Amino acid sequence: MGKSLLIVAHAPSENTRTLLDAVRSGAEEAGDGSVNVTCLSPFDTGPDAVLSADAMILGTTENLGYMSGALKDFFDRIYYPCLEETQGLPYALFVRAGHDGTGTCRAVQSITTGLRWRAVQEPLVCRGTFDPRFIEECRDLGAGMSAGLEAGIF
């Protein structure tokens with residue numbers, strides 16, 4: 001049985017859906033069928049999905065210098081059921097930020113540190129006005145996570 005990559009991302013706009021699609025397609029292409037990629041809204045993701053994942057990619061918009069309420073709601077619901085069972089879970093983060101994304105990254109890092117998850121890539125922060133290069137960066141993020149799982153790096 002292959003590895004499982006769970007992508008949990010809040011994508012409320014066309015631009016953020018484009019970034020999410022790039023993450024997913026990068027992960028699917030790099031996994032070449034050996035990595036099972038599941039992509040869910042934070043509202044549709046519960047502890048069971050997290051518990052069955054070998055790695056995660058989190059995605060959020062920057063909202064008032066913080067993560068989206070949707071991602072925060074996800075963390076609120078999965079935190080205690082996953083706390084002891086997912087220690088060391090490899091994860092990566094992408095943020096669509098209108099400003100600098102610092103507060104958003106810090107907030108996610110605070111929660112993932114409490115969960116004892118392991119960041120395996122620096123957060124990808126797509127800052128400022130939408131730039132088409134964000135799409136390739138997101139594709140690379142997904143591909144990197146999937147390739148790392150497939151190779152047994154994490």
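All figures in this text were calculated on a predicted structure; none of them were measured in a lab.
- Contact of the Leu89 side chain with the Leu115 side chain is not registered, since no non-hydrogen atoms from C-beta on lie closer than 4.5 Å.
- Using a distance-only test at 3.5 Å, with no hydrogens or angles considered, no donor-acceptor pair links the side chain of Glu62 to the main chain of Arg96.
- By the 4.5 Å heavy-atom criterion applied to side chains, Pro12 and Thr61 are counted as neighbours.
- For the atom pair CD (Glu14) and CZ (Arg17), the distance works out to 6.5 Å, reported to the nearest 0.5 Å.
- Between the side chain of Arg127 and the backbone N or O of Asp100 there is at least one donor-acceptor pair closer than 3.5 Å.
- Heavy atoms only, all atoms of each residue included: Ala147 and Ala30 are closest at N-CB, 4.3 Å.
- Checking Thr104 against Tyr66 by side-chain atom types alone, no donor-acceptor pair falls below 3.5 Å.
- Contact detail for Leu51 and Pro81: the closest heavy-atom pair is CD2-O, 4.3 Å.
- Side-chain contact annotation: Ser110 with Thr113, donor-acceptor N/O pair under 3.5 Å absent.
- Looking at heavy atoms from C-beta onward, Trp117 lies out of side-chain contact with Gln87 at the 4.5 angstrom threshold.
- Considering only heavy atoms from C-beta on, Val95 stays 4.5 Å or farther from Leu124 through its side chain.
- Cluster membership check: Val120 shares its hydrophobic cluster with Ile153, using side-chain heavy-atom separations under 4.5 Å among Ile, Leu, Val, Met, Phe, Trp and Tyr.
- Side-chain heavy atoms closer than 4.5 Å link hydrophobic residues (I, L, V, M, F, W, Y) into clusters, and following such links, possibly through other members, connects Val37 to Val23.
- Side-chain heavy atoms closer than 4.5 Å link hydrophobic residues (I, L, V, M, F, W, Y) into clusters, and following such links, even through other members, never connects Val8 to Phe43.
- When the side chains of ILVMFWY residues are joined at heavy-atom separations under 4.5 Å, either directly or via intervening members, Leu71 and Tyr91 end up in a single hydrophobic cluster.
- Pro42 and Ala9 make their closest contact through CD-O, 3.2 Å (heavy atoms, listed as atom of the first residue, atom of the second, distance).
- Between the Arg77 side chain and the Thr45 main chain, a donor and an acceptor come within less than 3.5 Å of each other.
- The OG atom of Ser25 lies 3.5 Å from the CZ atom of Arg139; values are rounded to the nearest 0.5 Å.
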Determine whether Asn15 and Ser13 satisfy the following criterion, side-chain hydrogen bond (donor to acceptor under 3.5 Å, both in side chains), listing intermediate values before the conclusion. CA-CA 5 Å; Asn15 284 340; Ser13 69; 5.4 Å; no
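- Formation of a donor-acceptor pair under 3.5 Å by the Ser146 side chain with backbone atoms of Gly142 is not found in this model.
- Checking side-chain atoms of Ser4 against main-chain N and O of Ala53 turns up no donor-acceptor pair under 3.5 Å.
- The two residues Ala70 and His10 come nearest to each other via the heavy atoms CB-ND1, 3.4 Å.
- At least one side-chain heavy atom of Gln121 sits less than 4.5 Å from a side-chain heavy atom of Leu141.
- Distance check: Asp21 CG to Glu28 CD gives 9.5 Å after rounding to the nearest 0.5 Å.
- Checked for salt-bridge contact, Asp76 and Lys72 meet the test: a charged N lies under 4.0 Å from a carboxylate O.
- Side chain of Ser34 to backbone of Gly2: no donor-acceptor contact under 3.5 angstrom is found.
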Verdict with supporting geometry, Thr16 and Phe94, side chain to side chain contact (heavy atoms under 4.5 Å, CB included): CA-CA 10 Å; Thr16 53; Phe94 71 98; over 6 Å; no
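- Looking at heavy atoms from C-beta onward, Cys39 lies in side-chain contact with Leu20 at the 4.5 angstrom threshold.
- No more than 12 heavy atoms of other residues, nucleotides or ligands lie within 6.0 Å of CD in Glu85, so this atom counts as exposed by the packing criterion.
- Here the rule is side-chain contact (heavy atoms from CB on, under 4.5 Å) with Leu93, and of Leu58, Val125, Ile57 only Leu58 fits it.
- Atoms SG and CZ, on Cys82 and Phe75 in that order, are 10.5 Å from each other to the nearest 0.5 Å.
- Counting only heavy atoms from C-beta outward, the side chains of Met56 and Val50 approach each other to under 4.5 Å.
- What you find for Asp54 and Lys3 is that their closest heavy atoms are OD2-CA, 3.3 Å.
- To the nearest 0.5 angstrom, Leu40 atom CG is 9.5 Å from Ile7 atom CD1.
- Within the model, atoms CZ of Arg116 and CG of Leu83 stand 5.5 Å from one another, a figure rounded to the nearest 0.5 Å.
- The heavy-atom pair separating Cys126 from Leu19 by the smallest distance is SG-CD1, 4.4 Å.
- Thr38 has its side chain within reach of Asn36: a pair of non-hydrogen atoms, C-beta onward, lies under 4.5 Å apart.
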